[in-house]
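For reference, the structure is listed below as structure tokens.
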Amino acid sequence: MIYLYFISIFVSILCILSLYLGIKSLQISFHWKEIIHALREAPKNPFQKSSLLLFTFLTTLILLPFFWILSIYLKTDANVLSVLVSMFWGYHLIKYLYPDKKKSNDNE
């Protein structure tokens, strides 16, 4: 049980560190609009250092609620809810960062 806390702390540190190093390598400010734009542009050059750091940030950001909620509710019946919340979080985060281009063109 205690190992999940250590994994959660490690994933949190990795998330913050990859965000910081990714932004520093791109030389942009810490504004959310610029970070979201950088995350949307990262798949265009997937093997650059900054893109790999931003992919690491995105992956750990998606996994954060999964590890933190499971580390708290592992031995209860709420662990099913934690998986559902984590899936909901990841789905909507990806949906927001990479919107469907067909839908955005239809609305115009």
Side-chain angles (χ1 to χ4, degrees):
M1 179 72 174
I2 192 91
Y3 63 90
L4 272 175
Y5 290 115
F6 290 124
I7 292 173
S8 300
I9 291 170
F10 175 74
V11 169
S12 300
I13 291 171
L14 184 63
C15 181
I16 293 168
L17 186 66
S18 62
L19 173 66
Y20 176 74
L21 291 176
I23 289 174
K24 189 175 178 183
S25 67
L26 286 174
Q27 297 177 349
I28 60 175
S29 62
F30 282 93
H31 295 288
W32 286 112
K33 288 184 180 182
E34 292 182 19
I35 294 171
I36 290 171
H37 179 70
L39 283 170
R40 286 181 180 163
E41 296 295 317
K44 293 181 181 175
N45 300 317
F47 296 111
Q48 287 184 349
K49 179 183 172 185
S50 59
S51 294
L52 290 174
L53 288 169
L54 290 173
F55 284 139
T56 304
F57 166 68
L58 184 61
T59 304
T60 55
L61 187 65
I62 291 171
L63 291 176
L64 270 179
F66 181 74
F67 283 111
W68 276 109
I69 295 172
L70 269 184
S71 64
I72 296 169
Y73 294 114
L74 183 64
K75 293 188 178 185
T76 65
D77 290 335
N79 59 8
V80 175
L81 291 175
S82 69
V83 172
L84 291 174
V85 166
S86 299
M87 290 172 60
F88 182 80
W89 166 264
Y91 171 75
H92 285 288
L93 186 66
I94 295 296
K95 185 178 166 184
Y96 175 73
L97 284 177
Y98 304 107
D100 190 12
K101 291 184 181 179
K102 278 186 177 179
K103 288 185 180 181
S104 63
N105 289 339
D106 291 341
N107 292 336
E108 293 177 359

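Keep in mind that what you see is a predicted model, and the values were worked out from it rather than measured.
By the criterion of side-chain heavy atoms lying less than 4.5 angstrom apart, applied directly or through intervening Ile, Leu, Val, Met, Phe, Trp or Tyr residues, Val83 is not grouped with Val80; the two fall into different hydrophobic clusters. Follow the hydrophobic side-chain contacts under 4.5 Å out from Ile36 and you reach Leu64 in the same cluster. Cluster annotation: Tyr91 and Leu84 are assigned to distinct hydrophobic clusters (Ile/Leu/Val/Met/Phe/Trp/Tyr, side-chain heavy-atom contacts under 4.5 Å, transitive). Ile62 and Leu81 fall into different hydrophobic clusters, where Ile, Leu, Val, Met, Phe, Trp and Tyr are joined by side-chain heavy atoms under 4.5 Å apart, directly or via other members. Under the 4.5 Å side-chain heavy-atom criterion for ILVMFWY residues, no single connected hydrophobic cluster contains both Leu58 and Leu52.
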TODO: Please assess Trp89 against Leu61 for the test side chain to side chain contact (heavy atoms under 4.5 Å, CB included), listing each intermediate value before the final yes or no.
DONE: CA-CA 9 Å; Trp89 166 264; Leu61 187 65; 4.2 Å; yes

- [ ] Assess whether side chain to side chain contact (heavy atoms under 4.5 Å, CB included) is satisfied between Leu17 and Thr56, documenting all intermediate values.
- [x] CA-CA 10 Å; Leu17 186 66; Thr56 304; over 6 Å; no

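Residues passing the salt bridge (charged side-chain N to carboxylate O under 4.0 Å, His left out) test with Lys33, sequence neighbours excluded: none.
Rounded to the nearest 0.5 angstrom, Thr59 OG1 and Leu63 CG are separated by 7.0 Å. Atom CZ of residue Phe10 and atom CD1 of residue Ile13 lie 8.5 Å apart, to the nearest 0.5 angstrom. One distance of note links CD1 of Ile94 with CG of Leu39; it measures 9.0 Å at 0.5 Å rounding. Rounding to the nearest 0.5 Å gives a distance of 12.5 Å between CG of Leu14 and CD1 of Ile7.
By the 4.5 Å heavy-atom criterion applied to side chains, Trp68 and Ser12 are counted as neighbours. Residues Phe67 and Ser86 have side chains not in contact (no heavy-atom distance under 4.5 Å, counting atoms from C-beta outward). For the pair Pro46/Ser51, no side-chain contact is recorded, criterion being any heavy-atom separation below 4.5 Å from C-beta on.
Counted within 6.0 Å of CZ on Phe66, heavy atoms from surrounding residues, nucleotides or ligands total 12 or fewer; the atom is thus considered open.
With hydrogens and angles disregarded, no donor-acceptor distance shorter than 3.5 Å links the side chain of Thr60 to the backbone of Val11. When atom types are taken as modelled, the side chain of Ser50 and the backbone of Ser25 share no donor-acceptor pair closer than 3.5 angstrom. A side-chain donor-acceptor contact under 3.5 Å links Ser18 to the backbone of Phe57. Looking only at distances, no side-chain donor or acceptor of Arg40 sits under 3.5 Å from a matching main-chain atom of Tyr98.
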